[in-house]
Amino acid sequence: MSSDFRVEGYGRVDRDQTLTFTFDGRTYTGHPGDTIASALLANGVHTLGSSVKLGRPRGIGASWTEDATGLIQVEEPFPEPMLLATAVELVDGMVVRGLNGQGRLAQIPDTARYDRKYHHVDTLVIGAGPAGLVAARAAARRGERVALLDDRAEAGGSLTGTETIDGRPSRDFVAEVTTELAGNAQVVHLPRTTAFGHYDDGFVLALERRTDHLSDPPAGRSRQRVHRVRAKKVVVATGAHERPIVFADNDRPGILLAASARDLLHRYGVLAGREIVVFTSDDAAYAAALDLVAAGAKVTVLEVRAQAPAGAGDLHVITGARVLSTRAVLPADETVGNHGRIASVAVMDGGGHEFGLTCDLLLVSGGWNPTAHLFSHVRGPLAYDEALGAFRPARSVPGVEVVGAADGVLDLAGCLGPEVTAGDEPERTPGEVIWRVPGATDRQFVDVQRDATVADIARAVGAGLRSVEHVKRYTTIGTAHDQGKTTGVIAAGIAAELLGTGVQDLGTTTFRPPYTPVAFAALAGRERGELFDPVRTTAVHDWHVAHGAVFEDVGQWKRARHYPQPGEDMEAAVLRECTAVRGGVGILDGSTLGKIDVQGPDSAVLLDRLYTNMMSSLKVGSVRYGVMCGVDGMVIDDGTVLRLADDRFMVITTTGGAAKILDWMEEWVQTEWPGLRVHLASVTEQWAVFPVVGPRSREVIGAVFPGLDVANAAFPFMTWRDTVLDGVPVRVARISFSGELAYEVNVNAWYAPAMWERLLEAGAPHGITPYGTETMHVLRAEKGYPIIGQDTDGTVTPHDLGMAWAVSKKKPDFVGKRSFARPLNADPLRKQLVGLLPTDSTTKLPEGSQIVELCDDGVLPAPPVPMLGHVTSSYRSAALGRPFALALLKGGRERVGDIVHVPVGGQLVAAQITSSVLVDPEGARRDG
Amino acid sequence: MADTLYRSQVLPSDVFAALPEGLSVTIESHVAMAGLRLRDLAEVLNTTPPVQPNTWAATPDGQMVWLGPDEWLVTSRDQQPHELESTLREAVKERGGAAVDVSAQRLSLRLSGVLARDLLSLGCSLDLHPSVFTVGSSAQTALGMTNVVLLALDSAGEDYRIFVRSSFAGYLADWIVDASAEYVN
Amino acid sequence: MTSATPPGAHLPEHGDFLWRNPEPKKSYDVVIVGGGGHGLATAHYLAKNHGITNVAVLEKGWLAGGNMARNTTLIRSNYLWDESAAIYEHSLKLWEGLEDDLGYPILFSQRGVLNLAHTEQDVRDSVRRVEANKLNGVDAEWLTPDEVAKICPIVNVSGDIRYPVQGATYQPRAGIAKHDWVAWGFARKADEAGIDLIQDCEVTGFVTDGDTVTGVCTTRGDIACGTVALCAAGHTSVLLDMLGVPAPLSSHPLQALVSELLEPVHPTIVMSNQVHVYVSQAHKGELVMGAGVDSYNGYGQRGAFHIIERQMAAAVELFPVFARAHLLRTWAGIVDTTPDASPIVGHTPYRNVYVNSGWGTGGFKATPGIGWCLADTVAHGRPHEYVAPFALDRFVTGALVDEHGAAAVAH
Amino acid sequence: MQLIECPWCGPREETEFHYGGQAHIAYPETPSELTDTEWAQYIFFRANPKGLFAERWSHSGGCRRWFNAVRDTRTYTFLATYRSGEPQPEVQS
């Protein structure tokens, strides 16, 4: 199809190359440098889709991101919804379609890469129009580190190329500045990069579109990048958005902002219409009109003001005029891409005379709204400027400078500043601020995308609404894709008129990020898939993988949960592992346990204050179990403490509690007791920890460490011993989390794989069985040892866990002690940790199940049913030959022997309350 | 049974083999490291510790890195981990200081090449411009989603040492490899 | 080109008349401080249930312009503890009849909520909550990953993501509503009953006489009062400070965001604590999301962008189809949080002042429930049974209602 | 996303820090002598001003030092950061 509306001698697209694309199933051509919008307009296509609420035709309304209507769906190369046709660069083979107000998400995964990059500069300039270029060049010449962000593909902003700057064509000026900047290693100039958010302390986020415009992008390059720029000074040079004027049927395709038509001509060589009416109250439209005439269009100007300005030239101007309404092409003439397009306007001139004008394009210009979004993001105050008819920066904000049109400066000379000379321009005459013309208010669209009209605003005001925020919400004006860039102030202006008040008195809307919409994936960046959150692994992780371990996530760690053999499910594997441990010997990778080195003369003082039990009385060479509570008296962690020296302890925390407990201890040391001479260090990764557990563990340890006397008398329970293996120091501790004879082997993690293999080799004759966290949990539960965070939930005291023995009565204070004396702690009905045995000996109660009183008739009463507590842990026990559970139960310890009911899948399962210690209650097994 | 307890690295040796030109990461061999705590450290050591925040200094057989107002990371090529700890602990113990072997706590990576600084800028929020982060500079900060200790080894922004918690090394390696895809043309 | 308008495009029109804009009178029987959802609902139920209409609702800005205008409109009652389940379930039942009660469309859409579990502990906690809900008469189910995918096919339930979905709790009666419609429905009804809704009226102090507050000082003059109900959400501490009443409240920014309008793709509501995101698709097609509160105290209606970025990463991780949806707008409210993540409602040291605060991220869903109960409390001069457990003195006795598990993600 | 001035490391991104609530609340000398009400005040009750607030922060992603800050809760602006143990500086918003 020919490009009927492309004008020779205009535009900077590469006409030597032709690109093909489809829109709504029809094939069109364009050129490199085109956007979808410019290519469609070059083909005479104005209508893109229909509006969301009224189904009225919608077309292209501007030439860049301020367009309130021209939304499309890209289907190929990859589906992406709700893009502005004006902002999508054309590449060969694109498939695009129009929208009816909603976009469609891809049903296939987006495999494109996204990332982020940090920058630090002295001066960040946002916008590469005349004001931005001058600011960037000046900063670079001062020797500063500079970033220049430009949302368009080429620098120059609103410069069309017809201007002169410093006596040369403006494009030459642009080229000169960008060349100078490119030669300066201190300057980063990023085109296609939209600053979308401005935050405190000179922080700006900007989205760079890096590959969509390339026909064959490098595979590893990120498609979009979020630049994170930290600048000492931010220069906002983002220009201004032209503002339309509201009249009846102002929503048709074929109605554009005036400067956009000029931009289309000079940038893309597209003449958007041949018979053009320009409706304006501002001078800028005249430059557009003149250029369009020069390019071959017939133009009639409808001037709101009583007089045409100086720059009107030979244009046909009707002054004091108003567009009353528009008409569309007749349905009979309907062609693809022209549905509903404007065909004529009804006009009233200054004398009140009404007449019609035929046209294929209506350009509108009602003045300019400074693009102060990025200033407003950092709480830069905006004030309504009566002359401008818009909000503009009211006061300066430290570290932020607003220049050029963004600050309401509308002439080129003003934008360029004193250092640069602009060519002669016609003197600007003041624009007239006009929000709308009289007419059928229900067809006067204020928010074209949301189908919101002047009538809607009138209804809102009539309903009693007085705040502009209420009016916005009532009408939904300003909530669409464009977020009211061009018409937000018009809505306020019309509401103010209706209320008989000033625009400023209605209150202003604060702009919030993002300035333009940003794809979720771009914000996710690299944090997707495996990189969504770090995976932490131990030094013997590869062994677990190689041996078929099934992993579970514990915090960020991957922990081996069990090691199924062929044909085994988890239950079978865990029963086998449990049997092996209690019947022989097993080995666990316990390296994820948190380890904290506590050193200094006051180490024991600190631990006495933080643990509920006494640690200062612990002897060097010994180990003690300890519990930590929050100030509220609730258990936050437990673990063992090894006294390494008078002034040194090793604190072992749970895997999940490691970072939290180190932080907790550090907080107390630093903020409450800075006088204590004690130092804390994480040594979690320093030490690989391998518990060797079971009645045969002594033989294994004895075989591996010939220098260690493993006899019970020489190396009793809850002690630790240092030994040396092949010159490498090793620490072995008699700690048991299973009730079995057990030795925890600690070694510098450099040697972890070697040590693991040694233990396996030595254990082979005894059938040593690697076991995972699930087996560990079963074994500890059989002994009634709680897991903090599983058998507790932040509302459980040590007493509730049956651990009064671990709460010192001698110490005058420790963290949490005072809270034990609160009235609620004396409640006999507090929940306590107990065992629970399903009386049918077969049902494994689901963890989390609630417990109710025995229902004699076997039927639950109607809700609400009082609950006694819940099942915290539940397993099948190889040792018991039956399932069992731990539970937190109201007054549980006083109720041992009672039968309660547990609703499971619609049935009531009877269970007997027992002690929480179900295996080896005498503790006979721990010494082998 | 093997004769000696061999040492392992937490990363496969070839994990960084395919990095693009201009970027190199080497997994540094096992070096003894210790955490050292004492406010008046200079008085008890032969070496002058770096007292400026965010700096490191060379020692005869390694480095001392400032980690906090009374805290340093000491590396030693010549000493065994436990020797390093006991030497330092003897020196500071009487004054209420502390020394702890952390040789396996972190993995040491050497990042170098003309793209090194650019790669870091994809995941590190600090200003690493050589005029700011020059030889002798160090920082504890985040790279990607993990904490690291980062040292500038030259003044050109082309040579860095990264200490990363060993359990996060696999993540960081994945991150580096993923980020470096950018430079493959 | 499609010209048919898409589903959800036609929301009902707002009423032709909403409320008067009266000048404040010299005196009212009840002064409600805060013209948000809770204040307006309280006003409505004072009139409807108790015939008390000499009431003023004082709003320092525009009606329902605080958290009511900024929340993500999730309504559910699947809380763990009996006390919470009771008031939220009471509220949910009121939601189910609210459109008729108010005679105003509120677009209550009971599309169900999925709370995803990603770890073994998530699973335990989820089952615990589901079983508790059932026994409390709250609809709840535990779903396997396959069942999750049946209800919400776009959730990534494959095992190869960083934190695979292990299952989910499901409350079918949960839903969303349109917040402006809800607030304006209450306001219109209260106005109709003769209650004065007074905007641009900031409370600057209180006139006290012993343990009685006799008047409220405002930017529109002093107003005498019989009873005062504080419904100021994130600004409660500011008011309590004027009265010299300490409370364990801290105000935090809570952020939310929306995408552009999209064809229907997400039929329910999904929340995930571990992966930290919450998503629904509103009536017109925009994706609405929230995350956790910003960590520091703050009264600015904005938060830190890294929270949003992390939320986007979570969204794309759980819903791969969202990759090229676009973030259109972000904003923040100010939520007042408590140490146990449960509200503080009831008596203050002043005999005629009642406080209603600390709802954290749960305020919207509680709107009719707390309005009902607070009106009852004010009318009878004693806490309604559903709010009695949430008295300020629980922090002294230790009788906390610890709902942290339920509140970790904004909802 | 602010820069927070760590008193040791200098300005760093907000994401490197952990918030610790109100500053200058000392652990009671002898908790056992406090009434339940007084103890509750210590555990749970913190100021929540709209305006200047002295609060605790930790440079958790860096030197791991706790320090104090005066911040305006309306604007989030940090007016001062100071080391633990130092008195709260006089600042104005």
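Chain A is the first sequence line, chain B the second, and so forth, proteins listed ahead of strands; every chain is numbered from 1.
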Residue pair [X] / [Y], side-chain heavy-atom distance below 4.5 Å:
| X | Y | answer |
| --- | --- | --- |
| A/P863 | C/N136 | no |
| A/L860 | C/L135 | yes |
| C/T397 | A/R822 | no |
| A/D200 | C/R302 | yes |
| C/R324 | A/R223 | yes |
| A/H470 | C/L63 | yes |
| C/E120 | A/E774 | no |

Task: Presence of salt bridge, C/D200 and A/R466, under 4.0 angstrom - done: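 No, A/R466 and C/D200 are not salt-bridged.
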- [ ] Could you tell me whether A/K472 and C/D180 have a side-chain N and a carboxylate O separated by less than 4.0 Å?
- [x] no
Of the listed residues ([options]), which shares the most heavy-atom pairs with chain C below a 4.5 Å separation?
| options | value |
| --- | --- |
| A/M867, A/R528, A/H481, A/R228 | A/M867 |
| A/P109, A/G789, A/A522 | A/G789 |
| A/A519, A/P866, A/G25 | A/A519 |
| A/R379, A/R526, A/K558 | A/R379 |
| A/V904, A/D793, A/D632 | A/D793 |

Which region of [X], side chain (C-beta onward) or backbone (N, CA, C, O), has a non-hydrogen atom less than 4.5 Å from a non-hydrogen atom of chain A, or is it both or neither?
| X | result |
| --- | --- |
| C/V316 | side chain |
| C/V396 | backbone |
| C/Q199 | side chain |
| C/A314 | both |
| C/W142 | neither |
| C/A86 | neither |
| C/F319 | neither |
| C/D82 | side chain |
| C/N21 | side chain |

Of all the heavy-atom pairs spanning [X] and [Y], show the shortest one and how long it is.
| X | Y | value |
| --- | --- | --- |
| C/S259 | A/F520 | CB-CZ, 4.0 Å |
| A/S467 | C/W62 | OG-CG, 3.7 Å |
| C/P6 | A/V52 | CD-O, 3.4 Å |
| A/R473 | C/H179 | NH1-CE1, 3.7 Å |
| C/P164 | A/D553 | CD-OD2, 4.0 Å |
| A/P514 | C/L327 | CG-O, 3.3 Å |

Proximal component of [X], with respect to chain C [non-hydrogen, under 4.5 Å]:
| X | result |
| --- | --- |
| A/R116 | side chain |
| A/R450 | side chain |
| A/Y114 | side chain |
| A/A460 | neither |
| A/F203 | neither |
| A/E552 | side chain |
| A/V852 | side chain |
| A/P861 | neither |
| A/E527 | both |

Task: Cation-pi geometry met for C/R329 and A/F511 (6.0 Å, 45°) - done: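 Geometry flag: not set, cation outside 6.0 Å or 45°.
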If you round to the nearest 0.5 Å, how far is [atom2] of [Y] from [atom1] of [X]?
| X | Y | atom1 | atom2 | result |
| --- | --- | --- | --- | --- |
| A/T479 | C/E260 | OG1 | CD | 12.5 Å |
| A/M82 | C/L261 | CE | CG | 5.0 Å |
| C/H14 | A/R459 | NE2 | CZ | 9.0 Å |
| C/L11 | A/T476 | CG | OG1 | 8.5 Å |
| C/L18 | A/L465 | CG | CG | 5.5 Å |
| A/I787 | C/Q121 | CD1 | CD | 9.5 Å |

Under 4.5 Å, counting heavy-atom pairs only, tell me which of [options] racks up the most with chain A.
| options | answer |
| --- | --- |
| C/P320, C/A323, C/G61 | C/A323 |
| C/F322, C/F17, C/Y163 | C/Y163 |
| C/V321, C/L400, C/D340 | C/V321 |
| C/A325, C/G15, C/G65 | C/A325 |
| C/A399, C/A64, C/A85 | C/A399 |

- [ ] Go through the steps for A/Q483 and C/L328 under the test side-chain contact (heavy atoms from CB on, under 4.5 Å), then give the verdict.
- [x] CA-CA 8 Å; A/Q483 295 281 296; C/L328 185 61; 3.6 Å; yes
Task: C/E13 backbone acceptor or donor facing A/Y474 side chain under 3.5 Å - done: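 No.
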TODO: For C/R162 and A/F532, indicate whether the former's side chain and the latter's backbone hold a donor-acceptor pair under 3.5 Å.
DONE: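 Checked: no pair found.
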Task: Ring geometry between C/F305 and A/Y199 (parallel below 30°, tilted from 30 to 60°, perpendicular above 60°) - done: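 Judged by the thresholds at 30° and 60°, the geometry between A/Y199 and C/F305 is tilted.
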TODO: Before giving the answer on salt bridge (charged side-chain N to carboxylate O under 4.0 Å, His left out), spell out for A/D791 and C/R124 the whole-Å C-alpha distance, their side-chain angles and the decisive distance to 0.1 Å.
DONE: CA-CA 10 Å; A/D791 300 296; C/R124 292 179 196 107; over 6 Å; no
TODO: Applying side-chain contact (heavy atoms from CB on, under 4.5 Å), run through C/H326 and A/L83 and close with a yes or a no.
DONE: CA-CA 9 Å; C/H326 301 98; A/L83 295 172; 3.7 Å; yes
